[in-house]
Structures are given as structure tokens and as C-alpha cells.
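Remarks on the structure that follows.
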Protein chains: 2
Amino acid sequence: MSSNGSRRREITVADVAKAAQVSKAQAARALGNYGAVSDDVRSRVLAAAEELSYRPNELARSMNTGKSNTIGVIVGDIENPHFGLATRGITDTAKKSGFNVILINTDEELAAEIEAVQVLLDKRVDGLIVAPASSVETHHLQRVQDSGRPLVLLDRHAGGMEVETMAVDMVDISRESTRHLLQSGHQRIAFISTLKTETPYRAGMVLDSSQIADRLDGMQQAYQERELVFPADLVRLNAGDAESIRRITREVLLMPDPATAIVASDGLIALSIVEAIQELGLAIPADVSFLMYDDFAWTRLTTPPLTVVAQPVYNMGLAAAKALIRQIDGLPPSTPAPQFTATLVRRGSVGTRKCAETPAGTTVP
Amino acid sequence: MSSNGSRRREITVADVAKAAQVSKAQAARALGNYGAVSDDVRSRVLAAAEELSYRPNELARSMNTGKSNTIGVIVGDIENPHFGLATRGITDTAKKSGFNVILINTDEELAAEIEAVQVLLDKRVDGLIVAPASSVETHHLQRVQDSGRPLVLLDRHAGGMEVETMAVDMVDISRESTRHLLQSGHQRIAFISTLKTETPYRAGMVLDSSQIADRLDGMQQAYQERELVFPADLVRLNAGDAESIRRITREVLLMPDPATAIVASDGLIALSIVEAIQELGLAIPADVSFLMYDDFAWTRLTTPPLTVVAQPVYNMGLAAAKALIRQIDGLPPSTPAPQFTATLVRRGSVGTRKCAETPAGTTVP
DNA sequence: TTGAAAGCGCTAACAG
DNA sequence: CTGTTAGCGCTTTCAA
């Protein structure tokens, strides 16, 4: 509509200043909403800006202020609703405080995470929320802290770092759910996870993921309480794609002393496990019991509905963003530190095993 | 480790230049990998940079070059795996080409989308991928095009705009799946969607979403083919939260001439619908048939597995990013334009209705 | 190849 | 309140 027909060059404060017949500084003040500006000048500047459809260059703004109003989020896999929900919690909170979110996916690849941190730092984000792929290799996270840039961890702890972390206590909930399984007569409990490791699992091995390590700890504690030996041979890591997950499921179910219950480490992996169980013609929970982490809505729709460990993922995302923004604003961490507890939701997929003390070597009916 | 103990100020090219004993310009050239630099200078600069652990300020870089290596993505709801997957396709492609992604959630709110576009433009992203909340109100998208910034639409068309759009032909697939339902003896087919409208649905009404409009068109065509009257009373929009979805489901199932089949507009809404059906004590497909859009993995795990319309969401995300990057690079759109077709995956949730010509007024068994 | 100097668009410091 | 003058950290002329 306006008479301006020229192409290319963007409108700057200088243009607006000229049109409003004030100095660049005054125009900038009116536009940027800072400093002292008379009503007269302000209205003339705003009118000129409107007329020219001026838009501030946030990059230039950020350069001077040192604030980009952007927070970086690094997760393992957006496709996983677990992170999808957490991300929603983060973006909701961020938006409310005027922050934008730059999202980077790492595929749980440490190298990708290290690069992501670097990129985000280079882009001068105001803070970082990371769901660390490794709880052991934390140099890059340490560097974030050293640089003075705010950092909050999500979902997983990082060994030896003093950093706000929004995560549930996995040891507790894992102990509780293992107890549940044990009480139901299961001793051969398989744990399947996509966690990548150099070598197959053996008892006492150091794991990259605090999540998984804690869950295994919890399981072992539950076994110890009953003075039972923890079946380390049923801990299966490196369950990569759908096919490998199915293969592993078949393995633990068809071995000489097979698993009578399976715990799925996350909701994505759970899908393939359940499918594999169905393919074997086994019934849940009559033939195999099943328990999974994350309470996705669909777990209520299967027959039987699945017993799950519900985690307050959205709230963790929310809290992570809140904590980060507090840090950015130079505020101390809110006290008491927010606590997140997972809960065991008992639905129909864990069945009672009559012959609890079944001797080794029997097969699934 | 290094001797540098001072705080605060970040290392800049100037610092590196001084340390390497070259001019700022030469240091910048070596660091930025442009212009002409002798091997000697380059190595000295790189060494100095390493020593000082210099990191470029991408903000400053972007200011000069006018390129931020960032693309903006605007979607309705990340929490919905539909967009989760699409986003994955986008980020995967973006990363491969050295782009980062700024993600904004709109909650399918037009106002939020308009603001998001503005914010992203102000941040000087190199391009935008938008899943437009409205196919009618497209001023803000038009403005993106006017500004000369590359734009690609995802999932939904925008009325009257000439812009690359990665979406499936909803009319076709909807016609096909409605035929399937009709052939199975269903005439009372309900369509439930979260699409917000001012007034309840009436035939011929203009809808904000091309997706939904196209689906209804397809349904109507299928009815016309058989010279049947399309049951507009069973089109239910504005299905907001879980409770309202359940209420609507009960309504169409308990009304005098009830629906014998339900089509769920997306995977999120489907969960509540199926739950509501189960709560009513009705069986799928014996009492009600069910069909949903999006082929999520869990739809294979329900009893019976659900009949769905599968959409190549990941690939659409991939293609959207690819197309956008081509535009950014000043290349013409790739020809032929990528086509995406949805497919009807017939599983067990659509059953045959014996008495196809049931007179109105009968109730569900 | 090199270096000095002039910006990018904006905010900040400092006189009036 | 207002305008002038410096920068922010980098890229880009333009001569040398």
C-alpha cells in the first residue's frame, strides 16, 4: 500500500530517525523503549516506524546488550514423546518470559552434544538446558559453567558437577517397581534399554547414563532385600533399532531360563518389545509380565493396559526453564529445590507368577 | 590450565591478532576462513586462537554477512508426535547443511503464529518453515514473502499463496477411506477434530484449515458417488481437551441415530475417543468402527489394531527443509515438486455393518 | 598477501 | 530530555 517501492535494504533506526526528524539516538530510545523520550518525539518516531514498517534487527540489539533472549535446548531425541513433552514445558515457560528456544537433537551421540553446546555458545544463547547423553563425559558441560553461561540439566545427572538438575530419583522408583515384580513372583526380570555401551552389560560396570545406572541400582537393591541374586544376564543394553529390540526380546524370552517379566527403558522401545511378545504368540500378562517407563496415553488403550512408571516430564521441562531463567536474571536457585517423583501406575500388564521358586530350566507355558 | 586467570571479557579476534602478531583483518580472515592468508599467518593465528580458546561470536558474524545459519520452524504443537516427527525430519536435514533450528509452538493460535513469524524475522533467520494454523488468514505469511525471506509451508496449504508446500492430498485419501467405510456398510460416519471455529459445523462452511476442509470434501465426494446424503450433523469440530473429546464421542454414539463409525482427525484426539468408546462399554469394531489419521506405532498394539491413514510426516519435514535450503542458496525449486501421498492402512478397527440400510432411529446393540 | 579503516544496526556514555 | 560520539566483534572495502 505505501509508496515505498524500493527493494533490498532493510529499514534501520537511521531511516526512522530521519523520517521523524530526530536524532538516531532518540529514535532508538523510542523504538527500544529505554532512556528518556518526550511524548512528542516518541509518537513521531513510532508513527514514522509504522509508516516505514520498521522492524528492529534483533541481532544488532543482542550484540550490544549481550542478551539474545534465546535459550538453547539439547535433547537426545525429539521424536520421543518423553522429550516432546519436556520440550513443550520448556517452550511454554520460555515464551511466557519472552525467550525463544533453539533446539538441537543429538541422537544421544556425545560428539553431537559437544558440538551442539559449542554452536549454541557461539550463538550467544542466554542459557542452556541439556539432557546430557553421558553422565560421565562432562567436560563440555563444565566448560559451559566456566564460561559463566547459565546451565540446567534435564532428566539426567552429570557426575560430579554442581549444577541444577531436574530429574526424578530413579533408584527409588526402580526399587519400588522391582519389588512389585518380585512380589508378583517374578525373579527372572529382563531390563532392555537402548543405551549404547562398548561391551555387553556385566555387574558393576560403569554406565554412561545415570538414569540407567540408577535404575539398575534400584533393581539390585530390591533383589538384595529378598536376598536374591540379581540376574545380570537379563540386562540388555544397546537395543538399537526396532529389529534389534525384537531380537533381544525374543532372546530373553526363549532362552533356557527365560525372563518372566520385561522392563522397557522407555516408551519408544516398549513398542517394539510388545510387538515382539505378540509375535511370539505370548500373552501379557499370562505368559510374560511387562512394565515400562513413561506413562504415554496409549498405554491405557492396549489389552491389557500397561503398568508404567509415570514421570512428570512436562513439569520437569517447566521447572528446568524456570530455573534457567532465574539464573539468567541473576537470581539464586529457588528453594527448596523442586523435587520430582515418579510413580508406579499399576494397570494390567504385570501378572502373578504362581510358582515363584521355579527351578531354573523350565520353559514358558 | 592456561595462565589466563582473568574473568569476564570474552576473547575476540583482536586478542588473537595481538597474540599472533598480525593485523586484526588477517586474524579474522584466518579464523573466518575467507580471503587470502599465507600459511605462516594462518598457522600462527590458529595456534594463538587455540591457546586463548577463542570462539567466534556468531552474532557479530551474522550481522555482517546477513546470514544467521538458522531457520525458524513454527508448528502448532510439538507435543503431537505428528509434528515431533516432522521436526525431526527438519532438524536432521538442517544439521546436515549446517543450519540450526529455532522452534516455536503456536498452540494452533493464529495470534501466536503471527507473533512467531515476526520474532523470527526480527532475529534474521535465513528462512521459515511454517505449518500454518490458518489457510485463510495469511497476511503474515505474505509479508514473509514480501520481505524476500525464503518460506516453505508444511502440512497445510495457504489459500492463494504461491509458496512451496509440503503436504499430502487430503481430498484423495479422505475420499478413499470414506469409501472404505461406506463399503463396509457405514453411513453414519462421525468426523471429530480439534479445529477451532466460531460456530458449529454446517455444510458449505468455510474452514480455517485446508486439511480439515479437504478431508470433509473427500468425505462428501465419497457420499455423492453413492448418492447418499453426507451426515453433516456428525461433523464435530472444536473438540478441545480430553474431556470435551469424550463428551463429543458420547454424544455421537448415544444420539437417536448414532454414528456407527468415527474418524479421528489426529493421533492425539484419537486417544480420548478410543477411551470414551471403551468407557461406554462398546467394542471396536463390533459396535463402532474407528479410523484415525496418522500411523503411530502404538496403533498396532491395541486390540484390535487400528485402521489408520499413514502420512509420510518425517519425509515431509525432510523435504520442507531441503526446499527451504535450496531457496536460501538461491536455487530454483527442485523439479518435479515432491509429492506426498497418504495411504490407508487397513487393520482391524473397521468392521462390516450388516444392515447397511438401517432406518433411522435404531440404537446401537 | 597484508593492514588500515570503514562499516553492519544498534545501544551506551557523556555532555549539553 | 536531546544529540553527539563511541563502541559491540566481526567482515569488507581499499590501498599498499
Side-chain angles (χ1 to χ4, degrees), chain A residues 8-46 48-49 52-70 119 121-126 147-149, chain B residues 8-46 48-49 52-70 118-119 121-126 147 149:
Chain A
R8 280 294 62 84
R9 213 183 56 76
E10 311 236 17
I11 308 297
T12 73
V13 257
D15 300 317
V16 177
K18 191 175 302 173
Q21 311 203 40
V22 296
S23 73
K24 208 175 71 174
Q26 278 308 83
R29 288 196 253 257
L31 261 8
N33 219 353
Y34 61 92
V37 185
S38 67
D39 288 347
D40 174 48
V41 168
R42 189 194 322 285
S43 62
R44 265 163 48 217
V45 169
L46 262 28
L52 299 172
S53 53
Y54 161 84
R55 289 268 85 211
N57 182 330
E58 291 296 343
L59 287 176
R61 213 166 242 188
S62 299
M63 269 216 57
N64 298 289
T65 60
K67 286 218 43 173
S68 59
N69 288 311
T70 303
V119 167
L121 248 28
D122 291 353
K123 272 198 184 304
R124 297 304 191 260
V125 293
D126 295 334
S147 80
R149 214 79 50 90
Chain B
R8 281 293 61 85
R9 214 182 55 78
E10 312 236 16
I11 307 296
T12 73
V13 258
D15 300 316
V16 177
K18 192 175 302 172
Q21 312 204 42
V22 295
S23 73
K24 208 175 69 175
Q26 278 310 83
R29 289 196 254 254
L31 261 8
N33 219 351
Y34 59 92
V37 185
S38 67
D39 289 346
D40 175 49
V41 167
R42 188 192 323 285
S43 61
R44 262 159 55 212
V45 170
L46 263 27
L52 299 172
S53 54
Y54 162 84
R55 290 268 84 212
N57 182 330
E58 291 296 342
L59 250 39
R61 210 165 245 185
S62 298
M63 269 214 59
N64 296 288
T65 59
K67 284 218 47 175
S68 59
N69 288 311
T70 303
Q118 204 61 273
V119 167
L121 247 28
D122 290 352
K123 272 200 185 302
R124 299 304 191 259
V125 293
D126 294 334
S147 81
R149 214 78 50 91

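Letters A, B, ... are given to chains in the order of the sequence lines, protein chains preceding strands, and every chain is numbered from 1.
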Strand-adjacent residues in residues 26-37 of chain A, judged by heavy atoms under 4.0 Å from DNA chain D: A:Q26, A:R29, A:A36, A:V37

Whole angstrom is fine here: how far is it from [atom1] in [X] over to [atom2] in [N]?
X     : N      : atom1 : atom2 : value
A:R55 : C:dC10 : CZ    : P     : 11 Å
A:K67 : C:dA12 : NZ    : P     : 13 Å
A:R61 : D:dG7  : CZ    : C1'   : 18 Å
B:D15 : D:dG9  : CG    : C1'   : 10 Å
A:I11 : C:dC8  : CD1   : P     : 14 Å
A:Q21 : D:dT2  : CD    : P     : 14 Å
B:E10 : D:dC8  : CD    : P     : 13 Å
B:D40 : C:dT2  : CG    : C1'   : 12 Å

Could you run down the sub-3.5 Å N/O contacts of the protein with nucleotides 5-7 of chain C?
from  : atom 1 : to    : atom 2 : distance (Å)
C:dG7 : N2     : B:N64 : OD1    : 2.6

Trace of the side chain to side chain contact (heavy atoms under 4.5 Å, CB included) decision for B:N57 with B:E10: CA-CA 9 Å; B:N57 182 330; B:E10 312 236 16; over 6 Å; no

Going through the distances and angles, do B:T70 and A:K123 end up as a side chain to side chain contact (heavy atoms under 4.5 Å, CB included)? CA-CA 10 Å; B:T70 303; A:K123 272 198 184 304; 2.8 Å; yes

Look at the side-chain N and O atoms of A:S23 and state whether any lies under 4.0 Å from the OP1 or OP2 oxygen of D:dG3.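 For D:dG3, OP1/OP2 do have a side-chain N/O of A:S23 under 4.0 Å.
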
Can you tell me if B:S38 touches the phosphate of C:dT2, counting only side-chain N or O atoms and a distance under 4.0 Å to OP1 or OP2? yes

Roughly how far, to the nearest 0.5 Å, is CG of A:D39 from CZ of A:R44?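 Answer for the CZ-CG pair, A:R44 versus A:D39, is 12.0 Å.
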
Nearest-nucleotide pick for B:T65, side chain only, options being D:dT11, C:dT2, D:dC1: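 The closest nucleotide is D:dT11.
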
